[in-house]
Amino acid sequence: MALDLYQRLGLKRDASEAEIKKAYRSLAKQLHPDRNKDKPDAAKRFAEVTAAYDLLSDKDKRAKYDRGEIDEEGNPKMPFGAGFGGYSSGAGPRPGGGPGAGPQGFENFNFGGADAADLSDLFEGLFGAAGAARGGRAGGPFGGGAFRQRAAPQKGADVAYRLKVSFDDAVALKPQRITLGDGKTIDLKLPQGLEDGTRIRLAGKGQEGPAGRGDAIVTIEIAPHRFFTRDGTNIRLTLPITLKEAVLGAKVKVPTPEGAVMLTVPKGTSSGKVLRLKGRGFAAKDGKRGDQLVTVEIEIPAHDAALQQFAEGWNAGGNPRASLGV
């Protein structure tokens, strides 16, 4: 005995609209022909559950079906299975029907129920835009067309590239020259807010297709630096200075990704002190740049007789570990 529409979806007759929609989405994921190319029965089941959803998602049709006024195909029920759009097993195709107009054909499925438009995301999520178009073509793999619209011509495939950018160029957002698969070379502009893994889409630079070219997707890889490190939009650098520069203060040359600049080291600077060069870091998405944070590290020469003699006679150092309780 053929299953009624509720049984096809595994539901009770008092199921809510949300339950009907949820059941259909779950079954459609399992039975979609693009996922079951080696299972011919899946196409038939997919069509059956879609037909059930199409009728039950229409409030008027559902009410008529529940009252027994229409059958599982949405046709008026007539006494003794007679004509005028009805169908009686063994009676052959319905009057006015063409080939495939019997219960196994799907030409007359509407799929235009109240929530039909809400299901496009289901197929796009499962199979991408191309899969959604295949699920909606008028001459689908199960004979009659699950949806009324035909598949639109597709663009060509996107092409993925990886581009390694030097740390200095990434900070300065210096344009990068890249050679595409067709041999053409372009200068790629790096965007503000650039990070390792940022993806840049180049429209129309992919493969050719019936509806035009796809896109090129360039993933940026920022190369590590030998002495700079990144901290959000800031850059960190450890800067060695001499004891004399730390004690007396000095102006010292400091490297930045965009060239060396002069930095003032205050008198009495200790190792670990952080000095700031404003606006020398990475650009955020809003264009505001981070800073370069310079951590001072005092270098003591290992064999300096004069320094050793001075230290031996100097007793004004106090106890720098007093705050630690030792």
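Small disclaimer: the values here were computed from a predicted structure and weren't measured.
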Evaluate Glu195 against Arg230 for side-chain contact (heavy atoms from CB on, under 4.5 Å), listing each step before the verdict. CA-CA 10 Å; Glu195 296 183 3; Arg230 182 171 184 169; 3.8 Å; yes
Give every donor-acceptor pair under 3.5 Å between a side-chain atom in residues 236-250 and any protein atom, sequence neighbours left out.
{"unit_1": "Arg236", "atom_1": "NE", "unit_2": "Asp231", "atom_2": "OD2", "d": "3.0"}
{"unit_1": "Arg236", "atom_1": "NH2", "unit_2": "Asp231", "atom_2": "OD2", "d": "3.4"}
{"unit_1": "Thr242", "atom_1": "OG1", "unit_2": "Glu245", "atom_2": "N", "d": "3.0"}
{"unit_1": "Thr242", "atom_1": "OG1", "unit_2": "Glu245", "atom_2": "OE1", "d": "3.4"}
{"unit_1": "Glu245", "atom_1": "OE1", "unit_2": "Thr242", "atom_2": "N", "d": "2.9"}

Judged by atom type as modelled, is there a donor-acceptor pair below 3.5 Å linking the side chain of Asp168 to the main-chain atoms of Gly259? no
Value for CG (Leu11) from OH (Tyr24), rounded to nearest 0.5 Å, stands at 13.5 Å
Heavy-atom pair of closest approach, residues Thr264 and Pro266: O-CD, 3.5 Å
Which of these passes side chain to side chain contact (heavy atoms under 4.5 Å, CB included) with Val254: Val265, Leu275, Leu263? Leu263
Measuring from atom CD1 of Ile20 to atom CZ of Arg25, what distance do you get when rounded to the nearest 0.5 angstrom? 14.5 Å
Please list every donor-acceptor pair under 3.5 Å in which a side-chain atom of residues 291-299 meets a protein atom from a residue at least two apart or in another chain.
{"unit_1": "Asp291", "atom_1": "OD1", "unit_2": "Gly279", "atom_2": "N", "d": "2.9"}
{"unit_1": "Asp291", "atom_1": "OD2", "unit_2": "Arg276", "atom_2": "NH1", "d": "2.8"}
{"unit_1": "Gln292", "atom_1": "NE2", "unit_2": "Pro255", "atom_2": "O", "d": "2.9"}

Residue pairs, two or more places apart or on separate chains, that pass side chain to side chain donor-acceptor pair (under 3.5 Å) and touch residues 202-212: Glu208-Arg213
Could you walk me through whether Gln176 and Val218 pass the side-chain contact (heavy atoms from CB on, under 4.5 Å) check? CA-CA 11 Å; Gln176 302 294 299; Val218 183; over 6 Å; no
Quick one: are the ring centres of Phe282 and Phe167 less than 6.0 Å apart? yes
Between Ile217 and Ile222, is there a shared hydrophobic cluster once you connect ILVMFWY residues whose side-chain heavy atoms come closer than 4.5 Å? no
In Å, rounded to the nearest 0.5 Å, how long is the span from CG of Leu56 to CD of Glu17? 10.5 Å
Leu190 and Lys174 have their tightest heavy-atom pair at CD1-O, 3.3 Å
Closest non-hydrogen atom pair between Tyr53 and Lys21, with its separation: CE1-CA, 3.8 Å
Could you walk me through whether Ile186 and Leu202 pass the side-chain contact (heavy atoms from CB on, under 4.5 Å) check? CA-CA 10 Å; Ile186 64 171; Leu202 303 177; 3.5 Å; yes
Please check if the number of heavy atoms outside Arg67 that lie under 6.0 Å from its CZ is greater than 12. yes
Do Lys12 and Glu19 sit within salt-bridge range, that is, some charged N less than 4.0 Å from a carboxylate O? no
Nearest heavy-atom pair of Lys164 and Ala223: which atoms, and what distance? CE-CB, 3.8 Å
Are side-chain N/O atoms of Tyr6 and Asp66 paired as donor and acceptor at under 3.5 Å? yes
State whether Asp158 and Arg201 are salt-bridged, where the test is any N-O pair (Lys NZ or Arg NE/NH1/NH2 against Asp/Glu carboxylate O) under 4.0 Å. yes
Identify the heavy atoms of Gly206 and Val159 that sit nearest to each other, and give their distance. CA-CG2, 3.9 Å
What's the shortest heavy-atom distance between Leu5 and Leu55, and which atoms? CD1-CD2, 3.6 Å
Would the distance check show the side chain of Tyr161 and the main-chain N or O of Thr179 forming a donor-acceptor pair, the cut-off being under 3.5 Å? no
Examine distances only and state if a side-chain atom of Arg199 and a backbone atom of Thr219 form a donor-acceptor pair shorter than 3.5 Å. no
Look at atom CD of Gln309 and say whether more than 12 heavy atoms of other residues, nucleotides or ligands are closer to it than 6.0 Å. no
Note, Gln30 side chain near Phe46 side chain (heavy atom, < 4.5 Å): no
Linked, directly or transitively: Leu277 and Met262 (ILVMFWY side chains, under 4.5 Å): no
Any Lys/Arg nitrogen of Asp4 or Arg13 sitting under 4.0 Å from an Asp/Glu carboxylate oxygen of the other? yes
Ignoring hydrogens and angles, tell me if any N or O in the side chain of Asn36 forms a donor-acceptor pair with the backbone of Lys39 under 3.5 Å. no
Distance check, rounded to the nearest 0.5 Å: Leu27 atom CG versus Leu9 atom CG? 6.5 Å
Side-chain heavy atoms under 4.5 angstrom apart, residues restricted to Ile, Leu, Val, Met, Phe, Trp, Tyr: same cluster for Val171 and Phe228? yes
For side-chain contact (heavy atoms from CB on, under 4.5 Å), just list the numbers for Asp196 and Glu221, CA-CA rounded to whole Å, side-chain angles, deciding distance to a tenth of an Å, and then say yes or no. CA-CA 5 Å; Asp196 193 58; Glu221 179 184 342; 3.8 Å; yes
Just verifying a value: how many Å separate Ser57 OG and Arg62 CZ, rounded to the nearest 0.5 Å? 10.0 Å
Spacing of Leu194 atom CG and Lys285 atom NZ [to the nearest 0.5 Å]: 11.0 Å
